[in-house]
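Each chain gets a letter, A, B and so on, in the order its sequence line appears, and its residues count up from 1.
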There are 6 protein chains.
Amino acid sequence: MSTLMNYTYQSFNFRGRKRLRPFYDLIYSIAGEEYGHIEVVSYAINLLLTGTTKRGFDPEPGPLKKATDARNSRHFIASGQASFPMDSMRDWWTGQNVFSSGNLKLDLLHNFFLECAARANKMRAYEMVTDPTAREMVGYLLVRGGVHVVAYARALEQLTGVAVTKLVPVPDLSNKAFPETRKYESSGLHRILYTFSQNDYQQVGSIFNGPHPEDGQPLEVIFGSPEGVPAPDLEEEPQLNAPGSDGIDPDMFAAAAAKMGIKF
Amino acid sequence: MSTLMNYTYQSFNFRGRKRLRPFYDLIYSIAGEEYGHIEVVSYAINLLLTGTTKRGFDPEPGPLKKATDARNSRHFIASGQASFPMDSMRDWWTGQNVFSSGNLKLDLLHNFFLECAARANKMRAYEMVTDPTAREMVGYLLVRGGVHVVAYARALEQLTGVAVTKLVPVPDLSNKAFPETRKYESSGLHRILYTFSQNDYQQVGSIFNGPHPEDGQPLEVIFGSPEGVPAPDLEEEPQLNAPGSDGIDPDMFAAAAAKMGIKF
Amino acid sequence: MSTLMNYTYQSFNFRGRKRLRPFYDLIYSIAGEEYGHIEVVSYAINLLLTGTTKRGFDPEPGPLKKATDARNSRHFIASGQASFPMDSMRDWWTGQNVFSSGNLKLDLLHNFFLECAARANKMRAYEMVTDPTAREMVGYLLVRGGVHVVAYARALEQLTGVAVTKLVPVPDLSNKAFPETRKYESSGLHRILYTFSQNDYQQVGSIFNGPHPEDGQPLEVIFGSPEGVPAPDLEEEPQLNAPGSDGIDPDMFAAAAAKMGIKF
Amino acid sequence: MSTLMNYTYQSFNFRGRKRLRPFYDLIYSIAGEEYGHIEVVSYAINLLLTGTTKRGFDPEPGPLKKATDARNSRHFIASGQASFPMDSMRDWWTGQNVFSSGNLKLDLLHNFFLECAARANKMRAYEMVTDPTAREMVGYLLVRGGVHVVAYARALEQLTGVAVTKLVPVPDLSNKAFPETRKYESSGLHRILYTFSQNDYQQVGSIFNGPHPEDGQPLEVIFGSPEGVPAPDLEEEPQLNAPGSDGIDPDMFAAAAAKMGIKF
Amino acid sequence: MSTLMNYTYQSFNFRGRKRLRPFYDLIYSIAGEEYGHIEVVSYAINLLLTGTTKRGFDPEPGPLKKATDARNSRHFIASGQASFPMDSMRDWWTGQNVFSSGNLKLDLLHNFFLECAARANKMRAYEMVTDPTAREMVGYLLVRGGVHVVAYARALEQLTGVAVTKLVPVPDLSNKAFPETRKYESSGLHRILYTFSQNDYQQVGSIFNGPHPEDGQPLEVIFGSPEGVPAPDLEEEPQLNAPGSDGIDPDMFAAAAAKMGIKF
Amino acid sequence: MSTLMNYTYQSFNFRGRKRLRPFYDLIYSIAGEEYGHIEVVSYAINLLLTGTTKRGFDPEPGPLKKATDARNSRHFIASGQASFPMDSMRDWWTGQNVFSSGNLKLDLLHNFFLECAARANKMRAYEMVTDPTAREMVGYLLVRGGVHVVAYARALEQLTGVAVTKLVPVPDLSNKAFPETRKYESSGLHRILYTFSQNDYQQVGSIFNGPHPEDGQPLEVIFGSPEGVPAPDLEEEPQLNAPGSDGIDPDMFAAAAAKMGIKF
């Protein structure tokens with residue numbers, strides 16, 4: 001959420017974007033990817049929570065008993081075993097996390113720091129879990145977040161001439177120490193920036209170029225989005241009445257639609 | 001922010017979406033539009049703030065003096081005369097505003113209430129301002145938010161058989177009392193739902209159909225997005241060093257890009 | 001707390017109460033009952049916490065050792081094993097939870113939603129616990145909260161002509177699925193609204209009438225309060241110095257009072 | 001809110017109330033009065049806000065224009081020119097303000113401090129306003145809050161033998177410096193504690209007795225409530241749609257009620 | 001943090017300090033000691049967290065696995081197994097905890113209450129733990145906090161003539177019930193106030209004098225600081241990259257410094 | 001507060017300080033100065049607020065009337081026209097502002113960003129005010145904060161070999177554009193780091209050395225503190241009862257002290 005909302009508001013608030021177009025394109029492109037990341041994290045949480053309590057319609061046996069041992073019982077009380085915009089200590093995300101000074105050098109410095117700090121969090125989260133789904137997700141985010149680290153470092157370099165990419169990685173341990181990152185790196189995902197649009201953000205390549213600071217491979221811009229993966233169909237949890245509405249017959253919609261001439 | 005994040009997380013968290021596909025499509029489609037609405041609001045704020053202090057590089061004359069009279073001095077201290085995810089009393093948006101119980105009937109009831117409450121806020125905000133830009137934006141949002149009110153009312157009707165659309169409008173005053181809404185209504189914008197995708201969310205039409213509860217015109221689904229308007233290029237505010245970096249020559253990028261074979 | 005404070009402030013803030021007296025009477029009557037509910041919940045918490053640590057005056061054996069395993073250690077650090085206005089994830093209640101737009105239709109819609117959302121919470125809390133005291137309390141609150149759901153649905157019906165009571169129950173599972181509710185329902189507690197005053201709020205019956213939406217029995221208003229139950233005398237917890245003051249002799253007060261002619 | 005909720009939760013949480021009954025009775029009695037005080041403050045705010053914007057149904061002239069100059073625009077956006085549980089800098093009340101350690105001496109010390117701090121706030125609020133309604137309310141609250149100061153001081157005296165009442169007044173300036181307090185003091189309101197019940201809290205007199213620390217008149221307990229004042233009927237504010245529902249005919253209710261045999 | 005920041009801001013904000021110098025000196029002296037106390041608490045936390053996860057550079061075995069069972073996982077995600085300004089339920093400290101009314105009697109009454117409330121917390125924290133390091137720290141803080149209780153009681157006595165020290169101890173249980181306090185008390189640490197300066201705060205002795213209210217020994221002021229204890233050198237935690245920077249050779253600094261003529 | 005508490009907790013939490021001693025010394029030295037800065041800011045606020053309302057003991061004329069026009073009425077309600085740990089929009093400081101990852105490179109990067117962001121705030125605050133006292137304070141803080149910017153940049157340079165000091169200044173406008181900074185710069189205050197201790201933190205010079213990035217003058221370490229300025233004696237504000245206690249005779253203390261043999 002923090003990276004998403006920082007870059008989204010910095011894009012909205014970007015003054016003088018004609019003169020400094022490549023920087024605007026860079027921030028907007030990364031904002032685009034961050035939306036996908038809150039989706040990925042949300043689905044990972046939802047899949048990890050699916051099936052964790054006893055399924056059934058009858059409340060009497062206490063199907064949610066195990067929830068009293070959960071770190072965060074909100075997943076069971078306030079949602080249908082699903083995600084919220086809150087952190088692992090269940091503090092809610094807040095707009096106070098958005099930094100948008102309007103000064104380009106300062107905003108880029110902030111973003112570079114923010115991505116490094118997020119990277120430290122991911123590294124430690126990885127070390128806390130051994131579940132393969134969770135590690136897969138963290139591994140993927142380390143690789144893609146690593147691209148954002150490099151992108152902001154490159155932007156500072158272009159703006160100031162200081163070799164900021166040489167600070168990478170922060171913390172010092174390389175992504176290569178995390179086995180799940182390797183297949184993503186070998187397919188080049190650690191050196192490609194997507195613009196999430198075919199026609200906009202064309203100038204991002206004048207910043208995101210040159211060798212990757214860790215392995216020297218060429219940084220590359222792809223105009224458009226990576227190939228998507230269909231969102232999983234989350235199973236129902238009847239003990240939580242999620243989604244409930246058990247009398248609804250999906251064919252009913254089809255029939256009604258047909259009558260109205262709506263294509264299904 | 002609240003409508004955007006409610007529908008976004010409800011979509012991510014939607015269990016049993018195969019069986020209840022039209023409802024999922026509806027919530028996801030509206031989430032798509034809400035992203036556009038935070039952008040619209042942000043640009044309206046940014047344009048209203050543009051040029052409100054004395055421009056110039058020299059701090060000595062106190063170019064930001066007027067900011068000490070501003071309701072919200074954060075626009076001048078913490079941003080470059082621009083927007084943040086906070087409310088008009090400058091409280092930060094928080095994830096606590098997200099309701100996502102996982103029970104479809106309850107979530108739809110929440111969303112119907114939320115859109116009505118947001119509508120009341122817009123009506124009162126309209127009455128507080130006479131600036132035409134601000135009123136234009138509020139008029140537009142009243143029309144489009146009105147579509148969301150009807151959409152959630154229709155969803156509850158489909159799910160329960162209760163004539164929820166007959167509660168509309170809440171509060172009782174019609175959008176037609178706000179002159180700026182008229183041109184949007186006459187072009188049909190008050191009865192069209194967009195899916196923001198050509199191929200997904202095809203089943204939304206089995207819910208969003210029938211006559212509009214206020215004027216009886218047919219509700220309609222358009223698969224895709226409304227035609228966009230280019231984002232304004234916000235002028236620089238040098239007294240805030242927004243964006244600063246005055247030594248940067250945009251041609252430099254073009255030249256550098258040309259050398260690397262990057263198309264501008 | 002949220003239901004209590006919403007209805008309390010909506011009552012204080014009710015404009016035009018002469019013209020719309022029955023609605024005012026309804027909201028005020030329900031506010032009255034909600035005060036009793038925070039009392040019931042508080043006593044349930046206090047009784048569940050009574051005796052959960054080793055009693056005694058000596059700190060050396062570490063009588064509160066078990067508290068480090070508690071979900072919420074505030075009960076042991078900040079109170080004498082007792083309640084606070086906070087939720088089950090120990091977030092404090094805040095006035096931000098009060099919705100009071102002043103528009104009657106919108107406030108009633110909010111209240112109907114709020115009671116349904118509170119009902120979902122209760123249902124899930126029930127499924128988390130098997131302790132009979134806790135379940136008894138939740139069963140009772142489901143029945144009485146169910147009355148409030150129907151009351152606000154009836155109010156919306158009266159105001160708009162839309163059959164809102166037909167949305168009940170939200171979520172779909174009936175209170176009858178919870179065994180503890182049955183004895184309360186068979187004594188009629190699910191269809192009686194109390195006014196908590198013999199003489200005020202006389203017009204509430206023009207709203208709260210007709211058949212109960214689930215079992216068709218007649219809705220009924222009782223002017224006054226239900227028969228109370230004496231509050232339990234909570235045992236002392238000396239290891240928490242709660243209440244301490246061990247040198248105080250209750251007879252001292254009686255003697256002193258006698259001298260002053262105070263009746264005990 | 002803070003005094004109300006502190007004493008309410010301290011009462012619910014009071015352990016060993018048989019042994020220490022007079023202290024329980026005292027805290028519960030004062031909690032009872034504090035409920036009346038939030039009502040008084042709420043009505044004072046609502047009356048001060050009544051009629052402060054231009055009345056009418058038409059939004060076009062911008063009837064709420066003046067609200068943009070208000071310290072707290074929430075009264076106009078989020079309520080119908082009415083009150084919320086928030087402070088004068090519009091921060092929401094939160095449960096974190098409740099102190100309830102369970103140790104009697106400590107809780108009484110807290111309450112004594114809290115009443116003195118509230119008194120300082122009232123004194124300064126008085127000095128900020130010259131509106132007679134506002135000053136009347138503050139004058140009344142200074143007198144009644146002064147009773148609570150003395151009550152907690154007396155309780156500490158009884159418990160410990162230390163002459164805590166001799167600390168009164170805190171701050172040093174006497175209530176007598178505020179002209180509006182005089183008529184209340186001459187009717188004895190500064191030395192009477194109400195129990196808000198005919199039959200309960202009978203032992204409070206063994207604490208609340210003796211001479212008032214400032215003027216030496218006898219402290220007195222009245223079993224029951226002071227004579228009430230009817231709540232004002234707040235005028236409608238149509239420009240805020242508060243309460244709206246203009247098509248409702250009050251006679252309709254009477255007719256409907258008559259048919260059902262309901263007495264109006 | 002709360003005691004530190006209360007006394008620090010009360011010192012900064014103290015009006016009329018010439019006339020009331022001894023009170024100013026007292027508050028400033030205690031503020032000085034509180035800084036040392038946040039340091040002591042921080043080091044105790046850091047030492048207790050040192051070595052609690054498996055050390056090593058390799059993330060693959062999941063060295064932080066145990067952190068998912070921790071009450072507060074922030075120590076492992078957000079810090080290098082170290083402290084933050086938050087409470088035991090991991091709520092952040094906030095400036096809202098500072099009371100600084102500017103009225104001396106009221107501020108002293110607050111401080112006396114605050115120290116008693118902090119004392120109750122310490123007593124309960126002691127009863128929750130049996131670890132000797134933790135108990136040693138709590139024992140020490142009970143003794144030194146006890147000095148602050150007496151100091152503020154004496155200040156109120158001097159200001160008002162009321163025998164406030166006779167309220168001590170609050171809660172009633174004496175520090176002598178906690179074995180770890182005894183060696184500190186026998187060395188007189190429960191009756192000595194330090195000024196943390198040789199030359200300032202000379203007038204504090206006109207308040208802090210007379211017999212200690214519990215054992216009658218003479219209260220004493222020492223102008224200056226107690227003898228310090230060197231801060232522990234916290235071991236590295238490589239699995240948290242704390243501090244990382246493994247390529248840094250400490251001799252490098254020495255060599256570089258030597259060249260620049262810097263003394264090591 | 002944020003800079004103070006960040007560096008204070010990073011110092012307490014610093015692991016491996018033997019190996020990385022110069023960095024520890026640097027962070028601790030800067031923490032020492034930040035304590036002085038909250039003092040300076042507090043006194044500036046207090047002096048600006050002194051005498052801003054009508055002085056006198058009588059509440060009747062409403063001496064605090066002007067406070068209802070103040071941006072932040074807390075200075076008048078909650079303090080004696082004095083400071084609190086809150087920001088210019090009166091949000092309270094919170095521990096959430098502390099970043100202390102334990103990874104040295106990341107913490108230094110944070111601190112460098114934090115100082116640059118604080119610098120941008122100061123520059124904008126300067127442009128908002130023309131009062132000479134306020135500008136003098138901001139000018140001084142710009143110079144000293146500029147030293148901290150350079151110190152963290154140098155630390156990152158030493159740790160990584162990247163020329164981080166070349167990023168300075170962020171934002172681009174130099175301190176030299178603010179006239180009040182000039183006399184401080186000409187006395188060298190922009191290139192001197194104090195350790196606030198004669199004997200500790202001896203190794204800071206191995207980091208803080210070389211030419212200043214803006215004017216090339218040599219960076220210098222002074223072991224000890226800058227010469228202090230006596231704190232102002234804030235005048236009394238009787239209308240706020242700050243400090244009150246008007247019956248206290250300062251000679252009383254002297255006499256009492258003399259009897260006890262206490263030197264004044």
Portion of E/D87 that has a non-hydrogen atom of chain C nearer than 4.5 angstrom | side chain
Okay, C/N72 and chain E: the region with an atom under 4.5 Å from a heavy atom over there is both
Is the side chain of E/R71 donor-acceptor paired with the backbone N or O of C/A70 at a distance under 3.5 Å, no angle test?
-> yes
Given that the side chain runs from C-beta out, which part of E/D172 has a heavy atom under 4.5 Å from chain C: side chain, backbone, both or neither?
-> side chain
If you round to the nearest 0.5 Å, how far is CD of E/E127 from CD1 of C/I77?
-> 9.5 Å
Heavy-atom pairs under 4.5 Å with chain E are the metric here; pick the option from C/S79, C/G247, C/P61 that has the most.
-> C/S79
Among the options C/D69, C/L64, C/D58, pick out the one with the most heavy-atom pairs lying under 4.5 Å from chain E.
-> C/L64
Region of C/T53 in contact with chain E, defined by heavy-atom distances below 4.5 Å | neither
Assert top hit (heavy-atom pairs under 4.5 Å, partner chain C, pool E/M89, E/E180, E/M123) equals E/M89
Check the surroundings of atom NZ in E/K176: do more than 12 heavy atoms from other residues, nucleotides or ligands lie under 6.0 Å from it?
-> yes
Any side-chain heavy atom of C/R90 sitting closer than 4.5 Å to one from E/D91?
-> yes
Quick one: CD on C/E60 to CZ on E/R135, what's the gap to the nearest 0.5 Å?
-> 6.5 Å
Can you see which heavy atom on E/S88 is nearest to which on C/S73, and at what distance?
-> OG-OG, 4.2 Å
So with a 6.0 Å cut-off around NZ of E/K66, is the heavy-atom count from everything else above 12?
-> no
